[in-house]
Colleague: 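Questions regarding the structure given below will be posed in turn.
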Amino acid sequence: MTDALRSLLAEPAPISAPALLGATITGRGVAIRVTEVEAYHGPTDPGSHGHRGMTERNRHLFGPPGTLYAYRSYGIHTCVNVVSGPEGTSAGSLLRGGEVVAGRDTARERRGPRPADVALARGPGNLGVALGAVLGTDDGTSVLDGSGPFVLTLAPGLEARLASAPPAAVVDDLLAETDAAGVPRISRGPRTGVGGIAGGASFPWRFWLTGDPTVSTYRRHKGAFD
DNA sequence: CTTTCGATATTCT
DNA sequence: GAATATCGAAAGC
């Protein structure tokens, strides 16, 4: 049943993004547990690719929730987003880091001998390589129904919680949960590499699992307000 | 630890 | 021409 995932992704990205932490994206011989995401929210978000309307590159960002949006970053890297709703708002969550939980040999073949295991899918460009994501081929496919190369499955236990409470309420609870020492399980902060006001405290839409070694190190953009 | 730099597709000025 | 949802290596603290 992917009803829980569908109802979650129907929410705006800043709401659904924290609930994608702990989810697993599977395909092309690997499975990666997502540990770090950033939300981008269409025309109201100056940091979003969709902020200035549809282009050939970003058109799949305007697609239905659960669409994969893959784009070329800095002319070099392939980065992967999961589109969220409402449909037509060009919103989505950038998968920025994860733990390779299956197909480690395949991921290492793609990444080379250098990176440590925790770094195989650390950072959006590296995650794209580890996944074996292909521009053009994968852009616009669904991660919900197995019709595309990748399938997204929710973190254990989340499906049941989303079946018994509205997504926004479940996410509020997730953000409030702490470990035995009182430390939040999910951390949030400004988005990495985003300039201007969109990269500052007004858009604290980067979410990660606190203390997880597969989360990329924060790099502040030159022009970010902070 | 920090800063700097090169690689370079897409978009905007 | 300039900026960008990046990465890894190199050099200087």
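Letters go in sequence order (proteins before strands), and every chain restarts at 1.
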Colleague: Taking any heavy-atom pair under 4.0 Å as a contact, classify A:Asn81: base, sugar-phosphate, or nothing.
Modeller: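 Base, at least one base atom sits under 4.0 Å.
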Colleague: Please state how far atom OH in A:Tyr74 lies from atom P in B:dC5, giving the value in whole angstrom units.
Modeller: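 Checked: the OH to P distance equals 16 Å.
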Colleague: Select base, sugar-phosphate, or nothing to describe what A:Gly125 touches, counting heavy atoms under 4.0 Å on all strands.
Modeller: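 Sugar-phosphate: the residue A:Gly125, judged by heavy atoms under 4.0 Å, touches backbone atoms but no base.
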Colleague: Could you let me know what C:dA5 is paired to, Watson-Crick or G-U wobble, both distances under 3.5 Å, or none if it's on its own?
Modeller: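 Checking every strand shown, C:dA5 finds no partner, since no pair has both distances under 3.5 Å.
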Colleague: Using whole Å, report how far CZ of A:Arg220 lies from P of B:dT2.
Modeller: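 Atom CZ in A:Arg220 sits about 13 Å away from atom P in B:dT2.
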Colleague: Just the endpoints, please: which first and last nucleotides of DNA chain C, 5' to 3', lie under 4.0 Å from a heavy atom of chain A?
Modeller: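 Contact span on the strand: C:dT4 to C:dA9.
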Colleague: Nearest whole Å is fine: how far is B:dT10 P from A:His60 NE2?
Modeller: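 The answer, rounded to whole Å, is 14 Å.
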Colleague: Answer with base, sugar-phosphate or nothing: what part of the nucleic acid does A:Arg191 contact at a heavy-atom distance below 4.0 Å?
Modeller: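 The answer is nothing, as A:Arg191 stays clear of every strand by at least 4.0 Å.
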Colleague: At 4.0 Å (heavy atoms only), tell me whether A:Arg52 reaches a base, stays on the sugar-phosphate, or touches nothing.
Modeller: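 Contact class for A:Arg52: sugar-phosphate only.
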Colleague: Side chain of A:Arg28, backbone of A:Pro149: donor and acceptor closer than 3.5 Å?
Modeller: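 Side chain of A:Arg28 to backbone of A:Pro149: no pair is present.
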Colleague: On a whole-Å scale, what distance lies between the C1' atoms belonging to B:dT10 and C:dG8?
Modeller: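 Each nucleotide's C1' atom is 23 Å from the other's.
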Colleague: Kindly compute the distance separating CD1 (A:Ile197) from CG (A:Asp45), expressed to the nearest 0.5 Å.
Modeller: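 Those atoms lie 11.0 Å apart.
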Colleague: Round to a whole Å and report the spacing from CG of A:Asn58 to P of B:dT10.
Modeller: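 Taking CG of A:Asn58 and P of B:dT10, I get 12 Å after rounding.
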Colleague: Using purine N1 to pyrimidine N3 plus N6-O4 or O6-N4 for Watson-Crick, or N1-O2 and O6-N3 for G-U wobble, both under 3.5 Å, which nucleotide pairs with B:dT8?
Modeller: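 Per the H-bond distance test, none.
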Colleague: Can you tell me, in whole Å, how much space there is between the C1' of B:dT2 and that of C:dA5?
Modeller: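 Comparing C1' positions in B:dT2 and C:dA5 gives a spacing of 23 Å.
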Colleague: If hydrophobic clusters are built by linking Ile, Leu, Val, Met, Phe, Trp and Tyr wherever their side-chain heavy atoms come under 4.5 Å apart, do A:Leu21 and A:Leu9 end up in the same one?
Modeller: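 Yes, A:Leu21 connects to A:Leu9 through the hydrophobic network.
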Colleague: Under 4.0 angstrom, heavy atoms only, what part of the nucleic acid is A:Ser216 near: base, sugar-phosphate, or nothing?
Modeller: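 No contact at all - A:Ser216 keeps every heavy atom at 4.0 Å or more from the nucleic acid.
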Colleague: Nearest heavy atom decides the nucleotide; on that basis, is A:Lys222 or A:Pro115 closer to the 5' end of DNA chain C?
Modeller: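 The residue mapped nearer the 5' terminus is A:Lys222.
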Colleague: Using a heavy-atom cut-off of under 4.0 Å over every strand shown, decide if A:Arg111 touches base, sugar-phosphate, or nothing.
Modeller: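 It contacts sugar-phosphate atoms only.
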Colleague: How many angstroms lie between atom CG of A:Leu68 and atom CG of A:Asp138, to the nearest 0.5 angstrom?
Modeller: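 Between atom CG of A:Leu68 and atom CG of A:Asp138 there are 6.5 Å.
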Colleague: Given the rule that I, L, V, M, F, W and Y join up when any side-chain heavy atoms are under 4.5 Å apart, are A:Val143 and A:Leu95 in one cluster?
Modeller: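 Linked within one cluster.
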Colleague: Before accepting this row, confirm whether a basic side-chain N of the pair A:Arg57/A:Asp139 lies closer than 4.0 Å to the acidic partner's carboxylate O.
Modeller: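 Between A:Asp139 and A:Arg57 there is no salt bridge, as every charged N stays at least 4.0 Å from the carboxylate O atoms.
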Colleague: Between A:Thr178 and A:Arg185, is there a side-chain donor-acceptor contact under 3.5 Å, judged purely by atom types and distance?
Modeller: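 No, because no side-chain N or O of A:Arg185 sits under 3.5 Å from a partner of the opposite role on A:Thr178.
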Colleague: Just call it for A:His49: base, sugar-phosphate, or nothing, with non-hydrogen atoms closer than 4.0 Å on any strand.
Modeller: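 Base: the residue A:His49, judged by heavy atoms under 4.0 Å, touches a nucleobase.
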